[in-house]
Amino acid sequence: MNQRQRRKYIPSTWIIATKQTEAHACYALYAIDWKRGGRLSWEGWNQLEDLLQFHIPIKRKAGGRKSSSQPAAKIAKRALHLHLNEAQFEELEQLFYQSFSKKRWRIFIQSNRNL
């Protein structure tokens with residue numbers, strides 16, 4: 001694979017994170033490409049219905065030129081749903097912007113998956 005192809009992320013894991021505050025819930029969508037160490041995020045929804053209507057631009061394959069979009073509702077079927085408090089959500093954001101570590105991501109997902 002050349003450099004241009006490596007920059008194209010093909011997400012293999014999708015995470016829908018819900019941060020519950022006193023007033024309302026806040027939703028964010030995260031995508032992880034384990035093979036290339038890539039992460040993508042879309043944040044800022046106050047209602048789940050708005051998130052599910054969002055069209056996510058995705059690549060069909062690493063070497064291909066075509067990209068398409070899928071509604072988040074289609075991706076939500078196979079996404080991990082994490083219900084996080086404020087501290088856990090901060091930990092997720094810090095993990096997202098640090099250098100990529102599969103071990104740290106897997107530990108975070110396993111520890112917060114059963115909530």
Side-chain angles (χ1 to χ4, degrees):
M1 229 188 289
N2 63 28
Q3 288 181 354
R4 182 180 58 82
Q5 290 171 334
R6 278 190 218 115
R7 285 194 301 260
K8 293 182 179 180
Y9 298 132
I10 302 173
S12 54
T13 301
W14 295 89
I15 300 171
I16 296 177
T18 305
K19 177 177 77 169
Q20 187 66 41
T21 61
E22 293 176 11
H24 63 281
C26 182
Y27 298 93
L29 178 66
Y30 296 94
I32 302 172
D33 182 353
W34 296 107
K35 186 175 180 180
R36 294 167 194 82
R39 298 152 290 193
L40 301 169
S41 70
W42 297 272
E43 303 173 2
W45 289 281
N46 293 327
Q47 294 190 3
L48 185 59
E49 293 80 23
D50 295 337
L51 168 64
L52 296 178
Q53 291 178 3
F54 176 68
H55 280 262
I56 302 164
I58 59 166
K59 299 289 180 193
R60 292 184 185 185
K61 59 183 181 178
R65 294 182 184 181
K66 293 186 178 184
S67 63
S68 63
S69 65
Q70 274 188 350
K74 202 171 198 180
I75 292 169
K77 294 175 187 175
R78 63 179 187 258
L80 299 172
H81 296 269
L82 302 178
H83 298 281
L84 308 173
N85 60 28
E86 298 226 9
Q88 292 167 328
F89 198 80
E90 288 291 325
E91 184 182 350
L92 174 63
E93 286 183 339
Q94 288 177 0
L95 186 61
F96 193 78
Y97 293 109
Q98 291 175 355
S99 60
F100 189 75
S101 168
K102 289 182 183 180
K103 183 179 179 182
R104 282 187 271 168
W105 271 101
R106 289 206 169 110
I107 289 171
F108 177 81
I109 290 171
Q110 288 174 355
S111 65
N112 292 301
R113 187 179 216 171
N114 298 326
L115 297 177

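One distance of note links OG of Ser101 with CZ of Phe108; it measures 13.5 Å at 0.5 Å rounding. For the atom pair Glu91 CD and Arg104 CZ, the distance stands at 11.0 Å (nearest 0.5 Å). Here Leu92 contributes atom CG and Trp105 contributes atom CH2; the two are 5.0 Å apart, rounded to the nearest 0.5 Å. To the nearest 0.5 Å, the span separating NZ on Lys74 from CH2 on Trp14 amounts to 12.5 Å. Rounded to the nearest 0.5 Å, atoms NE2 (His81) and CZ (Arg113) are 11.0 Å apart. Thr13 contributes atom OG1, which lies 15.0 Å from atom OH of Tyr30 (distance to the nearest 0.5 angstrom).
The residue from Ile75, Leu80, Leu51 that alone fulfils the side-chain contact (heavy atoms from CB on, under 4.5 Å) condition with Ile16 is Leu51.
Side-chain contact check for Gln88 versus Asn85: some heavy-atom pair is nearer than 4.5 Å. The side-chain heavy atoms of Gln53 and Trp45, taken from C-beta on, include no pair separated by under 4.5 Å. By the 4.5 Å heavy-atom criterion applied to side chains, Asp50 and Tyr27 are not counted as neighbours.
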Stepwise side chain to side chain contact (heavy atoms under 4.5 Å, CB included) check, Phe96 with Ile15: CA-CA 12 Å; Phe96 193 78; Ile15 300 171; over 6 Å; no
Is there a side chain to side chain contact (heavy atoms under 4.5 Å, CB included) between Glu43 and Glu93 once you walk through the steps? CA-CA 11 Å; Glu43 303 173 2; Glu93 286 183 339; 4.1 Å; yes
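When all heavy atoms are compared, the tightest approach of Leu40 to Pro11 is CD1-CG, 4.4 Å.
Criterion: ILVMFWY side-chain heavy atoms under 4.5 Å apart, direct or through other members. Under it, Tyr97 and Ile109 are part of a common hydrophobic cluster. Ile32 and Ile107 end up in different hydrophobic clusters when Ile, Leu, Val, Met, Phe, Trp and Tyr side chains are linked at under 4.5 Å.
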